Amino acid sequence: MLALADLLAQFESNAALRELVFPALFAGLVAILSTVAVERFGGMSGGVLSSIPTTIVPAAIGLWGDGSDPEGFRRAMAFVPVGILLNAGYLVLWRVLPAKIGQRTRTHVLLSTVFLALCAWFIAAIAVIIANEVIQPSVAQSLALGGTAMALGLTLAIAANRNAHPTPRGTRPVGWSVLFVRGAAAALVIAIAIAIKRSGLPVASGMAAVFPVIFTTIMIATWLSQGAHVPTGAVGPMTLGTLSVSAYALLATMLFPRLGMMSGAALCWVLAVCLVSVPSYLFLRQHALRRDRAART
């Protein structure tokens, strides 16, 4: 009991530790809920719901910290849309790779897809970080790059949703053990991103904050419990819905320094959902209605 009391006292007195632990735990909870969203609501609604600004909120709060390094924060947030663009490509690979791998066992196809897609993401992310170290862009240039990455992400998302793809609901629940692993992985990623930022590497922290642990665990968990059709059906909606994270990050570069952490975080979330998540859902719903009408004629 005495050791526990000492540990709690140390935690309460260590602001840096609190700024790392609370965002990480919140991110883990959100990761679990987003898996349930895809399972319960299907690929279209669940895909959009699972990609609204969630883990980026505690990540941004953790990266902002006490607000003593606003330029580093803006650099980190500017590279979030670049990471989201990589995530969109990562998701598209989940739709492409299983067919390329061929007729193997379901486990073999799943493991091969995870390995190849993650390798592609890591190679691209490392290339971005190295290019940043070589070029050393200004904050304004970094923000311009972020805006360009979001525009490219929108183009890719529209292409991913151009052809209608079935988005069924799951019929079997994802196990609690899988959900726990998913939450723990998400919490670890956000904690690592905050730690990287504190070590003086804002660009790497921005990329780490959007490492596709959420998408990976969604795809694996729903693939194992429902089959390949449910996660692959969510690819298009998730590539479109995840643009709200890019919008949140770019808005945060402007609103956090002006409004402070809590007010800025809340307003960024509302704006990103209203400007991206809601229109994305309406677009996908209308697209699905047109597909259904065409199928009946």
Side-chain angles (χ1 to χ4, degrees), residues 27 30-31 34 47-64 73-92 121 124-125 127-129 131-132 137 139-161 186 189-190 193 197 202-216 218 234-257 264-284:
V30 166
S34 58
V48 174
L49 285 172
S50 67
S51 54
I52 63 173
T54 48
T55 55
I56 189 62
V57 178
I61 291 173
L63 293 174
W64 177 258
F73 173 79
R74 296 181 75 201
R75 285 181 185 275
M77 290 293 101
F79 273 83
V80 166
V82 179
I84 292 299
L85 177 60
L86 299 188
N87 287 355
Y90 172 83
L91 285 171
V92 170
W121 191 94
V128 169
I129 294 171
N132 175 77
V139 173
Q141 291 170 332
S142 298
L143 291 172
L145 176 62
T148 302
M150 184 172 177
L152 292 174
L154 177 61
T155 302
L156 181 58
I158 292 174
N161 288 283
V189 165
I190 298 305
K197 165 64 165 53
V203 172
S205 68
M207 298 293 290
V210 292
F211 175 73
V213 63
I214 300 295
F215 294 140
T216 301
I218 283 179
V235 165
M238 282 194 292
T239 57
L240 185 60
T242 195
L243 291 173
S244 63
V245 179
S246 296
Y248 183 98
L250 294 176
L251 287 166
T253 64
M254 298 180 288
L255 297 181
F256 270 57
L267 184 56
C268 286
W269 191 89
V270 171
L271 290 174
V273 169
C274 291
L275 296 176
V276 179
S277 298
V278 173
S280 296
Y281 174 76
L282 295 176
F283 168 80
L284 292 168

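All values reported here derive from a predicted model rather than from experimental measurement. Residue numbers count from 1 along this sequence.
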To the closest 0.5 Å, what do you measure between [atom1] ([X]) and [atom2] ([Y])?
X: Leu243; Y: Leu275; atom1: CG; atom2: CG; answer: 12.5 Å
X: Leu267; Y: Met254; atom1: CG; atom2: CE; answer: 10.0 Å
X: Arg74; Y: Leu250; atom1: CZ; atom2: CG; answer: 10.5 Å
X: Asn87; Y: Leu156; atom1: CG; atom2: CG; answer: 11.0 Å
X: Leu143; Y: Thr148; atom1: CG; atom2: OG1; answer: 10.5 Å
X: Phe73; Y: Thr253; atom1: CZ; atom2: OG1; answer: 7.5 Å

### Query
Where do Phe79 and Ile129 land on the side chain to side chain contact (heavy atoms under 4.5 Å, CB included) test, with the steps shown first?
CA-CA 10 Å; Phe79 273 83; Ile129 294 171; over 6 Å; no
Atom of [X], atom of [Y] and distance for their closest heavy-atom approach:
X: Cys274; Y: Pro279; value: O-CD, 3.2 Å
X: Met150; Y: Pro81; value: N-CB, 4.2 Å
X: Tyr248; Y: Cys268; value: CE1-CB, 3.4 Å
X: Ser142; Y: Ala78; value: O-CB, 3.5 Å
X: Ala124; Y: Leu86; value: CB-CD2, 3.7 Å

### Query
Considering the options Val80, Ile61, Leu63, which one meets the side chain to side chain contact (heavy atoms under 4.5 Å, CB included) requirement together with Ile56?
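Testing each of Val80, Ile61, Leu63 against Ile56, the sole residue satisfying side chain to side chain contact (heavy atoms under 4.5 Å, CB included) is Val80.
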### Query
Does the side chain of Val273 reach to within under 4.5 Å of the side chain of Pro53, using non-hydrogen atoms?
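Answer yes - side chains close enough.
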### Message
Between Asn132 and Leu145, does the side chain to side chain contact (heavy atoms under 4.5 Å, CB included) criterion hold? Intermediate values first, please.
### Response
CA-CA 11 Å; Asn132 175 77; Leu145 176 62; over 6 Å; no
### Message
Using a 3.5 Å distance criterion without hydrogens, assess whether the side chain of Thr242 forms a donor-acceptor pair with backbone atoms of Thr239.
### Response
no
### Query
What do you reckon, is CH2 of Trp121 surrounded by more than 12 foreign heavy atoms closer than 6.0 Å?
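Count over threshold, so yes.
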